[in-house]
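A short worksheet on the structure shown next.
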Amino acid sequence: MQELSKLAVLGAGHVGPVIARLAVKAGHPVAIATSGDPEDIALITELVIPGAQPRWAADAVADADIVVLAIPLHRFGDVDPALLGGKLVVDAMNYWPASDGVLGAFEDGGSSEIVARRLAGSAVVKALNHIGYHELEDRARPAGAPDRRAAGVAADDPAAVAAIAGLVDRIGYDPVRLPSLRAGRVLQPGGPVFGAVLTRPEFERAAREDARTLT
Amino acid sequence: MTYTFGLDTFGDRNGDADGKPLSHAQTIRNVVQEGVFAEQAGVDFFGIGEHHTEYFPMPAGDMVLAAIAASTERIRLGSAVTVLSSDDPVRVFQRYSTLNAISGGRAEVILGRGSSIESFPLFGYDLADYEELFDEKATLFAELLKGGPVTWEGKTRAALLNQDVVPHTESGPFPAWIGVGGNPQSVIRAARLGFSLALAIIGGPPARFAVYSQLFQQALRKFGRPPLPVLVHSPGHVAATDEQAKAEFWPRWRDIIALIAPERGFAIPTEESFDREIGPHGALYVGSPETVAQKIATNLRALGATRFDLKYGMPGLTHEQLMTCIELYGRHVIPRVRALCRFLSNQAFVDTET
């Protein structure tokens with residue numbers, strides 16, 4: 001059997017551990033890192049994300065095929081773009097001023113497009129940002145389950161979309177592929193699927209109706 | 001095992017029988033009555049959460065608690081929560097140690113963010129600084145609680161040098177908790193600073209929080225601290241029957257979540273999602289005394305918690321509905337949960353014996 005891609009999850013707050021746990025359960029090798037010493041998250045990893053490895057961010061990223069950004073967006077400026085060069089990067093962050101405050105750099109346009117401009121050497125995919133961290137795990141279902149829900153995957157590079165669609169499928173959601181980060185704006189706060197946990201037909205209908213209002 | 005039971009309110013603006021909102025002032029006077037009545041009904045703790053909105057007009061809960069303290073003798077009184085990041089820890093300590101003096105040692109405080117974000121722009125704080133503000137201020141608050149002169153330096157307020165902060169408490173620190181909503185690093189912080197842990201569970205299956213309770217106790221051991229209690233805070237409503245409780249609570253829940261959904265990123269609840277939340281695996285405690293008691297007993301044990309605080313009320317419910325809820329919670333739910341927990345403990349004892 002082909003070995004599954006290695007994940008580095010950056011962020012051990014609300015979101016990072018949930019994504020890490022789902023990926024471990026799906027059989028991926030997973031490292032988790034914060035901006036600090038892995039010793040600080042050793043106990044969290046052992047109890048909350050059994051099977052994952054706490055590591056220094058640079059080491060976790062160096063060994064990873066996929067890097068998941070699950071840090072607060074206002075800390076994104078602390079991430080060194082060179083560290084992520086050549087990597088497939090999942091942007092699970094959100095620009096959500098009402099909840100996290102206003103960030104000037106993210107006021108115009110889609111947050112993942114702005115992230116991608118700064119990470120010019122990486123393939124950036126917007127995914128796993130629009131289902132609440134408290135629901136992401138509870139609503140995950142195996143492929144074919146009648147109550148399986150959908151999750152959006154948006155990127156400018158079709159190969160990157162395909163790779164992350166595979167990850168989303170393995171962790172328990174029907175991937176809905178969106179052809180660009182621009183199209184991925186439907187996944188943002190204020191968009192039609194943000195915070196909702198929809199079936200694939202519901203998701204596609206909501207995204208379509210929203211696209212019409214944009215044009 | 002000794003269990004304790006509380007009621008929390010955010011000063012949810014009352015409606016009248018026709019659904020017309022009462023004034024903020026009348027709502028606040030009603031909260032005073034509700035707190036006093038909670039003691040008569042047999043409730044152990046009454047908490048007031050800080051909010052600054054038209055529908056939760058409750059920015060100065062400590063003043064309301066002081067009024068309740070003057071008319072009660074036994075019930076413990078505290079915040080649920082104090083938004084510490086946008087406050088001054090010295091002022092918070094002073095207000096609650098004053099409440100502790102007025103009430104003869106019945107004050108508590110739960111520090112956190114709650115779901116409250118309105119205080120940041122109101123007091124000129126940037127939400128992006130939330131973590132740094134909370135971490136520094138919680139660290140200072142832990143020092144203040146110890147009593148005695150405090151020396152402290154940080155970025156978020158003026159330094160203190162061997163500063164005596166009054167009023168002194170009569171018998172050591174009053175109970176202090178940190179409220180967390182699902183960030184494991186917040187659990188570690190509570191353990192590191194020696195605060196008890198308040199789990200705010202407002203959606204989804206409560207059992208998924210059990211790991212945080214274990215994380216907390218293991219972290220306390222790692223930091224060389226003795227075990228500390230865990231409490232669970234969840235919303236709900238008790239009425240004579242399951243049907244009546246739902247009929248009263250559901251429209252109010254739907255309206256308030258729909259109102260705050262855009263800023264919080266919540267989905268607008270449907271009757272189906274609501275039914276899931278009030279069912280055995282959901283986070284809401286809505287129903288008859290028996291339904292609510294069964295659910296509390298199950299979750300206290302699953303979560304390794306010894307206190308349950310029901311966040312009662314919802315904007316638009318009437319004062320009379322809330323008084324009935326308090327009476328049923330105090331006189332029926334609490335004794336029933338105690339009996340169920342005793343029974344389940346005995347069962348566990350029998351099981352291990354055989």
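The sequence lines fix the lettering, A, B, ..., with proteins before strands; numbering per chain opens at 1. Predicted model only: the values in this text are computed from it and were never measured.
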Under 4.5 Å from any heavy atom of chain B - which part of A:Arg139: side chain
Heavy-atom side-chain proximity of B:Asp129 to A:His74 below 4.5 angstrom: no
Structural part of A:Pro17 lying under 4.5 Å from a heavy atom of chain B: side chain
CG on B:Asn183 to OH on A:Tyr133, rounded to 0.5 Å: 8.0 Å
Contact class of A:Ile41 relative to chain B, heavy atoms under 4.5 angstrom: side chain
Would you be so kind as to tabulate the donor-acceptor pairs closer than 3.5 Å made by side chains of residues 209-230 of chain B, with sequence neighbours excluded?
from: B:Tyr212; atom 1: OH; to: B:Gly182; atom 2: O; distance (Å): 3.1
from: B:Ser213; atom 1: OG; to: B:Leu303; atom 2: O; distance (Å): 2.7
from: B:Gln217; atom 1: NE2; to: B:Leu228; atom 2: O; distance (Å): 2.9
from: B:Arg225; atom 1: NE; to: B:Ala191; atom 2: O; distance (Å): 3.1
from: B:Arg225; atom 1: NE; to: B:Arg192; atom 2: O; distance (Å): 3.2
from: B:Arg225; atom 1: NH2; to: B:Arg192; atom 2: O; distance (Å): 2.9

Heavy atoms of other groups near A:Glu107 CD, more than 12 under 6.0 Å: yes
Within 6.0 Å of CG in A:Asp80, more than 12 heavy atoms from elsewhere: yes
With B:Pro184, the side chain to side chain contact (heavy atoms under 4.5 Å, CB included) member among A:Leu47, A:Ile49, A:Ile44, A:Leu43: A:Ile44
Over 12 foreign heavy atoms within 6.0 Å of CZ, B:Arg157: yes
Side chain proximity check, A:Asp138 to B:His281, heavy atoms < 4.5 angstrom: no
